[in-house]
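For reference, the structure is listed below as structure tokens.
In this text, all values refer to a predicted model and were calculated from it rather than measured experimentally. Order of the sequence lines sets the chain letters (A, B, ...), proteins ahead of strands, with each chain counted from 1.
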Amino acid sequence: MKVLLVGNPNVGKSAIFTQLTGVNARTSNYPGTTVSYTSGTLTVVRKNPACASCSTIKCKSCHIPDTEKIEVIDVPGIYRLDPECEAEQVACRLMPEGDIYVNVVDATNLERNLNLTLQLLEFKKPVIIALNMWDDTIHKGISIDVDKLSEMLGVPVVTTTGITGAGVDKLIQKILHYPKKVTPKKYKNRWQAIGEIVTSVQSLEHRHHTFLERLQDISVHPLAGIPIAIAIIIALFQVIIVTGEFLVGLMEQLFDRYYTPFILFLSRLLGGGGLWHEILLGDISADKIDYEAAMGVLTTGIFMELGLVFPYILIFYLVLGFLEDLGYLPRIAVLFDRFMHKVGLHGFSIIPMMLALGCNVPGVMAIRNLESRRQRFITATLTAITIPCMAQSAIIFSLTASYGTGHVIAILITIMALWVVLGSFLRLTVKGTTDTLIMEIPPYRLPGFKVLMRNLGTRLYEFLTDAFPYVLGGILFVNILTMLGVMDFLGNLAKPVISGVFGLPSEAVSSYLIGIVRKDASVALLEPLALNGVQMITGVTTLIIYFPCMATFVVLLKELGFKDTAKSMLIMVEVTILTGTWVRLTMLIVHNSPWLYTLVTALFAITVMVVANRKAMQKSSESL
Amino acid sequence: MTLREMKIGDRGIIRIINGGRGVCSKLESLGLREGVQIVKKSAVMGGGPIIVEAGTTQIALGCEIANKIIVGHP
Ligand SMILES: Nc1nc2c(ncn2[C@@H]2O[C@H](COP(=O)(O)OP(=O)(O)O)[C@@H](O)[C@H]2O)c(=O)[nH]1
Ligand SMILES: [Mg+2]
């Protein structure tokens with residue numbers, strides 16, 4: 001038996017799914033988290049009511065195997081059954097497969113939700129309604145006559161609270177005893193029918209604004225909204241960097257105390273040198289280990305992921321998870337809508353990009369929620385080219401810190417300038433339309449501690465299981481290739497670009513090679529090259545740009561298709577070379593001052609944006 | 001008057017939506033259709049989106065669309 005969880009976006013389907021199956025589906029407080037479906041199994045113990053001892057997997061007295069496995073599918077949120085974007089199409093294709101529809105309804109938004117409900121009732125499938133967010137109706141002064149609602153719709157209605165699991169047992173019972181006979185309904189005037197239902201089952205009570213509602217109003221205040229958002233974003237990044245640094249320091253101590261003795265022991269075991277020593281431990285001396293530069297699989301490999309990257313991933317996802325579950329992201333999308341139009345997008349595109357700051361893979365996946373091909377192409381291309389993931393950023397922070405603030409800012413501004421310039425260019429050249437923003441803004445909800453931790457846990461687990469094999473394997477691979485002399489060969493091959501254009505030593509080729517698989521490892525490989533300031537900026541920026549990691553590339557292929565991915569890649573190569581050249585030439589002109597460089601680059605980007613904006617305006621007024 | 005011209009904080013009733021089928025059906029699925037009462041909550045500065053409240057739902061609309069929605073007094 002297959003149960004589909006169907007409902008509007010952001011009504012708590014994934015929360016209910018997690019409660020039913022124990023499988024973690026990510027929740028977040030904005031429409032469009034679930035872009036492809038997740039499935040899980042609900043195992044229920046079916047008791048024989050006539051038997052007193054029925055509770056085990058196989059009852060000994062009545063011999064009925066009393067567990068049943070039910071497949072549950074968390075369908076992407078839809079407002080209606082005529083699909084517009086990809087995510088909605090996924091949902092509609094799934095519909096015929098279900099045996100039972102559990103329609104998750106946001107009880108605080110009854111009227112809008114019933115639109116889908118009435119459409120579901122037109123199918124010849126049993127429908128059960130989970131009236132979710134039940135806890136919220138109390139704060140909001142909404143009361144709903146559940147029995148009456150059930151009677152008017154002719155289907156079972158259960159009240160649930162997805163975050164605590166209240167009411168889920170009852171929902172399971174209803175699923176087990178679903179109505180076998182279904183007569184599809186037909187509504188001539190759906191909205192009129194909905195109006196009648198809502199007026200007879202729901203009553204609203206007037207009450208004062210809550211604190212969260214006031215906060216809601218301030219966050220999108222006409223004047224204060226944008227400055228507040230900018231302040232919050234800057235503050236959060238400050239928090240991430242400071243906390244990240246602190247945690248890295250802590251990790252370093254832990255490594256020195258507990259891991260170094262083990263490595264030194266291993267070193268002696270391997271005889272202090274030789275092939276395996278070189279590959280596994282790298283360049284270490286008898287008493288002190290420089291984990292960042294040693295380049296052994298078990299030294300730099302392990303330390304990089306656990307010591308340098310993990311702390312930043314942890315704090316980043318803690319912050320992002322909080323913002324997501326609170327419901328701040330859609331507000332950022334609204335506030336920066338106007339700005340995103342400058343690169344041919346609308347506000348929603350900022351959400352995939354913010355996710356990409358953690359990891360590009362979910363970022364590119366989230367483009368499915370965008371309506372047009374043009375929007376998807378621009379968002380995906382900008383994301384893959386200009387947005388470094390947190391793993392990469394973490395290594396960049398720790399690597400560039402010794403070069404001084406000027407260099408860190410220069411890298412940051414180069415990437416932001418590239419975002420603006422490339423975006424302006426794409427806006428003028430990519431054909432198609434960008435829709436106007438139409439988006440529901442969910443109410444603020446204080447995220448529960450348990451939910452936050454569960455979401456964080458899932459993300460950290462994914463990071464660790466994804467990262468370790470690739471990073472350790474990657475370093476192993478580079479070490480072996482170096483020993484075999486393959487690196488020298490490739491270095492010579494790539495010399496014209498890497499040394500000629502970018503001005504980097506030819507050994508840097510290994511960075512670009514590993515970057516295809518893992519971006520954090522690739523930046524770390526620059527460490528032993530002892531680069532000067534200009535080389536560092538060129539190296540780091542081109543490593544960010546030239547290729548997204550393999551995992552992102554695969555998702556890109558899936559989301560954009562072959563042709564658009566190829567186009568995107570072509571742009572990527574061109575942009576890499578142009579950026580490398582820009583850094584080198586500009587630095588030459590400003591006599592290697594990172595501050596002057598930053599100024600010139602920023603001014604250039606602003607000029608391009610203004611000119612492109614004027615061009616776009618002309619174009620649109622001509623076409624009118 | 002259009003939704004764009006309406007004052008922030010005012011209440012009104014949607015009279016006409018001058019949009020194509022796609023836009024209208026999208027608005028309708030969010031609960032915005034002719035005859036529905038709304039409150040204008042905000043309009044982000046610099047020609048940004050307009051935020052309206054219909055029932056218990058808040059919806060952001062780009063200002064091109066807000067120009068096409070005609071509202072009347074309740
Ligand atoms: N107060 C409250 N919040 C809920 C409830 N169910 C889910 N949420 C929250 O509502 C948001 C949306 O939930 P999610 O499961 O991601 O919705 P989906 O888009 O339908 O899958 C998340 O922030 C959840 O933590 C509930 O019953 N009560
Ligand atoms: Mg979901």
Closest heavy-atom pair and its distance - M45(B), P227(A): CE-CD, 4.1 Å
Does S29(B) use its side chain to pair, donor to acceptor, with the backbone of R80(A) at less than 3.5 Å? no
Among L223(A), D337(A), V334(A), find the residue that satisfies the side chain to side chain contact (heavy atoms under 4.5 Å, CB included) test when tested with V44(B). V334(A)
Which atom pair, heavy atoms only, marks the closest approach of R112(A) to T57(B)? NH1-CG2, 3.5 Å
Pair E371(A) + K26(B): basic N to acidic O under 4.0 Å: yes
Name the region of I8(B), side chain, backbone, both or neither, that has any atom closer than 4.5 Å to a heavy atom of chain A. side chain
Between A54(B), C63(B), G46(B), G35(B), who has the most heavy-atom pairs with chain A when the cutoff is under 4.5 Å? G46(B)
With rounding to the nearest 0.5 angstrom, report the CG to CD distance, D217(A) to Q58(B). 6.5 Å
Given G31(B), S42(B), A60(B), G48(B), the one with more heavy-atom pairs under 4.5 angstrom with chain A than any other is A60(B)
To the nearest 0.5 Å, what is the distance between NE2 (H341(A)) and CD (E64(B))? 5.5 Å
Within this structure, what is the CG-CG distance for the pair L61(B) and L437(A), rounded to the nearest 0.5 Å? 8.0 Å
Between CG of L30(B) and CG of N8(A), what distance do you get to the nearest 0.5 Å? 8.5 Å
Need one label for A43(B): side chain, backbone, both or neither, based on atoms under 4.5 Å from any heavy atom in chain A. backbone
Part of I65(B) lying under 4.5 Å from any heavy atom of chain A: both
Salt-bridge test for K41(B) and E213(A): reply yes if a basic N is under 4.0 Å from a carboxylate O, no otherwise. no
Chain B contact via N115(A) - side chain, backbone, both or neither, heavy atoms under 4.5 Å: side chain
Interatomic distance, I51(B) atom CD1 to H221(A) atom NE2 [nearest 0.5 angstrom]: 11.5 Å
Quick one: does T56(B)'s side chain have a donor or acceptor within less than 3.5 Å of a partner on T108(A)'s backbone? yes
